[in-house]
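Remarks on the structure that follows.
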Amino acid sequence: MTDHQRLSVSRRRLLAGSGAGLSLAVAGCTGDESASITPVSLDGERACDQCGMIIEDHPGPVGQVHFEDDEPEGGRPGQFCSSTCTYTYRFDAEDEGRTPLATFLTDYSAVEYEVFEEGSDTMFSSHVEREAFSRTTELTVVARSEIVGAMGPELIPFSEADDVDAFVEEYGGEPMPAEDVERSTLEAL
């Protein structure tokens, strides 16, 4: 990795942290309590609430959903081994009447990720530390790329447009705002 790439990642982390702080400050002024919700680390033996797999044992993006009935009493958020499991669980929970306050996915613009091959599959490293997450409102996901995650075909999230463009150029796929993902998006993977 070049010094320029190292500085770029550090700059991204600085900007992400500044943006998160600004968002919290604005939320406090506007009374939006959901904006004060922050992601948690998904390390250790945490199992995916959708499929039961141990989250940190699998490649690709991971996620978490904080629900109204979990906050602010300190209940844990829903935790997931993939973006696919995150969305599937959230959609099912919404159908049951639960209200999601914040959804977070791995932000591959905010981490130093590794690309590796397993058999004929190309995969990205997993990142479970809380600093690796961004809200879906700030992310673009790339669907139908060559990258495979814990559950197979995956939505790969980024917060930076240049990172999305570079990813699509190298691995293909179709970018879309993470907030626009629907069940049909998952079914088309």
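In this structure, the side chain of Tyr113 does not engage the main chain of Gly60 through any donor-acceptor pair within 3.5 Å. Although no hydrogens or angles enter the test, the distance criterion places a donor-acceptor pair under 3.5 Å between the side chain of Ser109 and the main chain of Ser159. Using modelled atom types, one side-chain atom of Ser41 and one backbone atom of Arg130 make a donor-acceptor pair closer than 3.5 Å. Under a 3.5 Å cut-off, the side chain of Ser125 and the backbone N or O of Glu114 do form a donor-acceptor pair.
Not counting sequence neighbours, the partners of Tyr171 by the ring pair (Phe, Tyr, Trp, His ring centres under 6.0 Å) test are Phe124, Phe167. Under the rule for a side-chain hydrogen bond (donor to acceptor under 3.5 Å, both in side chains), the partners of Thr136 that lie at least two apart in sequence or sit in another chain are Glu179. In this view, Glu96 satisfies the side-chain hydrogen bond (donor to acceptor under 3.5 Å, both in side chains) rule with no residue, not counting sequence neighbours. Residues that satisfy the side-chain contact (heavy atoms from CB on, under 4.5 Å) test with Glu118, not counting sequence neighbours, are Phe116, Met123. Listed by chain and number, the residues in a side-chain contact (heavy atoms from CB on, under 4.5 Å) with Ala150 are Met53, His58, Cys81, Ser82 (sequence neighbours excluded). Scanning for ring pair (Phe, Tyr, Trp, His ring centres under 6.0 Å) contacts around Phe80 gives Tyr89, with sequence neighbours left out. Checked against side-chain hydrogen bond (donor to acceptor under 3.5 Å, both in side chains), Glu131 has no partners two or more places apart in sequence or in another chain. Among residues two or more places apart in sequence or in another chain, the side-chain hydrogen bond (donor to acceptor under 3.5 Å, both in side chains) test is passed with Gln79 by Arg46.
Contact check for Pro59 versus Ser126: no side-chain heavy atoms found under the 4.5 Å cut-off. Within the 4.5 Å cutoff, no side-chain heavy atoms of Pro153 are placed close to those of Arg144. Within the 4.5 Å cutoff, side-chain heavy atoms of Tyr108 are placed close to those of Pro157.
Within the hydrophobic cluster formed by Ile, Leu, Val, Met, Phe, Trp and Tyr side chains joined at under 4.5 Å, directly or through other members, Ile54 stands alone, with no partner residue. Cluster note: Leu186 groups with Tyr87, Phe91, Leu105, Leu139, Val141, Leu155, Met176, Val181, Leu189 through ILVMFWY side-chain heavy atoms spaced under 4.5 Å, whether in direct contact or through intervening members.
For the residue pair Arg135/Thr103, the side-chain donor-acceptor check at 3.5 Å is not satisfied.
Across every non-hydrogen atom of Pro100 and Val65, the tightest pair is CB-CG1, 3.9 Å. When all heavy atoms of Gly173 and Val168 are compared, the pair lying nearest together is O-CG1, 3.7 Å. Closest heavy-atom contact between Thr106 and Pro61: OG1-CA, 3.5 Å. Minimum heavy-atom separation, Asp49 to Pro77: OD2-O, 4.1 Å.
Rounded to the nearest 0.5 angstrom, Asp92 CG and Arg98 CZ are separated by 11.0 Å. For the atom pair OG1 of Thr99 and CG of Asp69, the computed distance is 7.5 Å after rounding to the nearest 0.5 Å. Atom NE2 of His66 is separated from atom CD of Glu68 by 14.0 Å, given to the nearest 0.5 angstrom. Atom CD of Glu138 and atom CD of Glu160 lie 10.5 Å apart (nearest 0.5 Å). If you take CG on Asp107 and CD1 on Ile156, they are separated by 12.0 Å, rounding to the nearest 0.5 Å.
Counted within 6.0 Å of CG on Asp162, heavy atoms from surrounding residues, nucleotides or ligands total 12 or fewer; the atom is thus considered open. Within a 6.0 Å radius of CD in Glu117, more than 12 heavy atoms belonging to other residues, nucleotides or ligands are found.
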- request: Check the pair Thr185 / Glu174 against side-chain contact (heavy atoms from CB on, under 4.5 Å), numbers first and verdict last.
  value: CA-CA 11 Å; Thr185 309; Glu174 300 167 24; over 6 Å; no
- request: Please lay out, stage by stage, how Gln50 and Thr88 fare under the test side chain to side chain donor-acceptor pair (under 3.5 Å).
  value: CA-CA 8 Å; Gln50 179 65 25; Thr88 300; 5.3 Å; no
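Tested against Val40, the residues Leu42, Thr38, Ile37 include a single side-chain contact (heavy atoms from CB on, under 4.5 Å) partner, Leu42.
Not less than 6.0 angstrom separates the ring centroid of His127 from the ring centroid of Phe133.
Applying the salt bridge (Lys or Arg N to Asp or Glu O under 4.0 Å) test to pairs two or more places apart or on separate chains, none has a residue in residues 52-62. Residue pairs meeting the side chain to side chain donor-acceptor pair (under 3.5 Å) criterion with at least one member in residues 145-157, sequence neighbours excluded, are Ser83-Glu154, Thr84-Glu154.
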